[in-house]
Amino acid sequence: MKWKTVTGYAKPLEVEVGKTTAYLRRNMEQIVDGEGNDAWSYEECQMSLAEYEKYLEVVSSAEMSILLEKFENQEKASADTLLNQMEIMATQSAQDETLANILLNQMTEVN
């Protein structure tokens, strides 16, 4: 599948099927163009109806469901890991601040 970046002025549909051609769109983002007009930027894949039917067969297959489930599990695990790292960093920062305060208090007591 070949994806190309497109800019348009109407909100795009994720899937649009015509008489002879189907369009898949992803990564849709509302933007402001160079002239200050509201626009949409997105990636688009154009295919024949026969190609689109094959695409639908693959997407709805059992193998694809298994792959998507594995991908979702990996994304969840990555998110959990990132959250844990953020919690560790917050704890470390709080500990650093406490230690700095202790050191400052000791220095003021000495002077």
- [ ] Can you see which heavy atom on Y9 is nearest to which on D38, and at what distance?
- [x] CD2-O, 3.2 Å

Task: Separation of E109 CD from L104 CG (nearest 0.5 Å) - done: 11.0 Å

Open item on the list: For the CD atom of Q46 and the OG1 atom of T21, what is their distance to the nearest 0.5 Å?
Closed with: 5.5 Å

Open item on the list: Taking atom CE as the centre, does M89 end up with more than 12 heavy-atom neighbours from other residues, nucleotides or ligands that are less than 6.0 angstrom away?
Closed with: no

TODO: Report yes or no: do L24 and L13 belong to one cluster of Ile/Leu/Val/Met/Phe/Trp/Tyr joined by side chain heavy-atom distances under 4.5 Å?
DONE: no

- [ ] First locate atom CG of N73, then atom NZ of K76, and finally report the distance between them rounded to the nearest 0.5 Å.
- [x] 8.5 Å

TODO: Grab the two heavy atoms, one from V17 and one from V15, that are nearest each other, plus how far apart they are.
DONE: CG2-CG1, 4.0 Å

Task: Nearest-0.5 Å distance that lies between atom CZ in R25 and atom SG in C45 - done: 10.5 Å

Task: Stepwise side chain to side chain contact (heavy atoms under 4.5 Å, CB included) check, N27 with W3 - done: CA-CA 11 Å; N27 298 326; W3 294 88; over 6 Å; no

Task: Gap between atom NZ of K2 and atom CD of E43 - 0.5 Å precision - done: 14.0 Å

Open item on the list: According to a hydrophobic-cluster definition based on side-chain heavy atoms being under 4.5 Å apart (Ile, Leu, Val, Met, Phe, Trp, Tyr only), do V32 and M28 belong together?
Closed with: no

TODO: May I have the step-by-step check of side chain to side chain contact (heavy atoms under 4.5 Å, CB included) for L56 and E53, ending in yes or no?
DONE: CA-CA 5 Å; L56 290 177; E53 287 175 13; 5.6 Å; no

Task: Taking every non-hydrogen atom, the tightest pair across D33 and A39 - done: CB-CB, 4.5 Å

TODO: Check whether the side chains of N101 and E97 place a donor and an acceptor atom closer than 3.5 Å, and report yes or no.
DONE: no

Open item on the list: Minimum heavy-atom separation for T5 and S41, please, with both atom names.
Closed with: CG2-OG, 4.0 Å

TODO: Indicate yes or no for a side-chain donor-acceptor contact from S61 to the backbone of V58 under 3.5 Å, with no hydrogens or angles considered.
DONE: yes

Open item on the list: I'd like to know if Y23 and M1 are part of one continuous hydrophobic network [Ile/Leu/Val/Met/Phe/Trp/Tyr, side-chain heavy atoms within less than 4.5 Å].
Closed with: no

Open item on the list: Using a 6.0 Å cut-off, check whether atom CD of Q30 has over 12 heavy atoms from anything other than its own residue.
Closed with: yes

Open item on the list: Could you measure the distance from the CH2 atom of W40 to the CD atom of E29? Nearest 0.5 Å is fine.
Closed with: 9.0 Å

